[in-house]
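Remarks on the structure that follows.
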Amino acid sequence: LSASANSASLVPELRSRWEQAGERADRLAGELADVRTERDASRSEVAALVEALEGSRVELLRLGKRAEQHKGELQGRLLAESRLKRLQSLLLSKAWTCLLYTSPSPRDS
């Protein structure tokens with residue numbers, strides 16, 4: 001009877017521990033589901049950020065190409081302006097003053 005009585009007193013305790021373990025497992029499963037939800041949300045945010053960064057990179061490359069084109073145009077204009085200034089300077093250096101003397105005309109009086 002003593003062994004049987006001991007076994008009978010262990011059953012409620014084991015049943016209680018089993019229920020506690022089940023409750024803990026359920027709680028941990030809920031926490032795991034929350035963590036997975038947060039992870040999935042983070043993955044979506046990261047994917048959106050990566051997509052935005054890629055779009056920004058493409059835009060920067062496009063702007064860089066446009067800047068290079070404008071740089072070339074500006075360099076061409078500066079070269080043309082420099083050539084015009086040299087030509088102007090050359091023309092001015094070759095110019096000479098000519099004083100033409102004419103006697104007064106009767107029409108001037």
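Keep in mind that the numbers below use all heavy atoms, side chains included, and drop hydrogens, waters and symmetry copies.
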Exercise. Could you give me the CA-CA distance, side-chain angles and deciding distance for E81 and K85, then say whether salt bridge (charged side-chain N to carboxylate O under 4.0 Å, His left out) is met?
Key: CA-CA 6 Å; E81 186 177 316; K85 284 182 181 179; 3.5 Å; yes
Quiz item: Does CZ belonging to R77 count more than 12 external heavy atoms closer than 6.0 Å?
Solution: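 Open.
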Separation of [Y] [atom2] from [X] [atom1] (nearest 0.5 Å):
X   : Y   : atom1 : atom2 : result
S44 : D40 : OG    : CG    : 7.0 Å
L87 : L92 : CG    : CG    : 9.5 Å
E59 : L61 : CD    : CG    : 9.5 Å
S93 : Q88 : OG    : CD    : 11.0 Å

Quiz item: Within the distance-only criterion (no hydrogens, no angle test), does the side chain of T37 pair as donor or acceptor with the backbone N or O of A33 below 3.5 angstrom?
Solution: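 Present.
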Quiz item: Taking the side chain from S42 and the backbone from E38, do they hold a donor-acceptor pair closer than 3.5 Å?
Solution: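 Judged by distance alone, yes, a pair lies under 3.5 Å.
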Quiz item: Is there side-chain contact between L32 and R36, with at least one heavy-atom pair below 4.5 Å?
Solution: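 Of all side-chain heavy-atom pairs linking R36 with L32, at least one is under 4.5 Å.
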Quiz item: Is any side-chain heavy atom of R57 closer than 4.5 Å to a side-chain heavy atom of E54?
Solution: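 Heavy-atom side-chain distance check passes, below 4.5 Å.
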Self-check item: Salt-bridge contact K65-E68 (side-chain N to carboxylate O under 4.0 Å)
Solution: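 Salt bridge between K65 and E68, a charged N being under 4.0 Å from a carboxylate O: no.
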Self-check item: Salt-bridge criterion met for E13 and R17 (N-O under 4.0 Å)
Solution: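 Salt bridge: yes.
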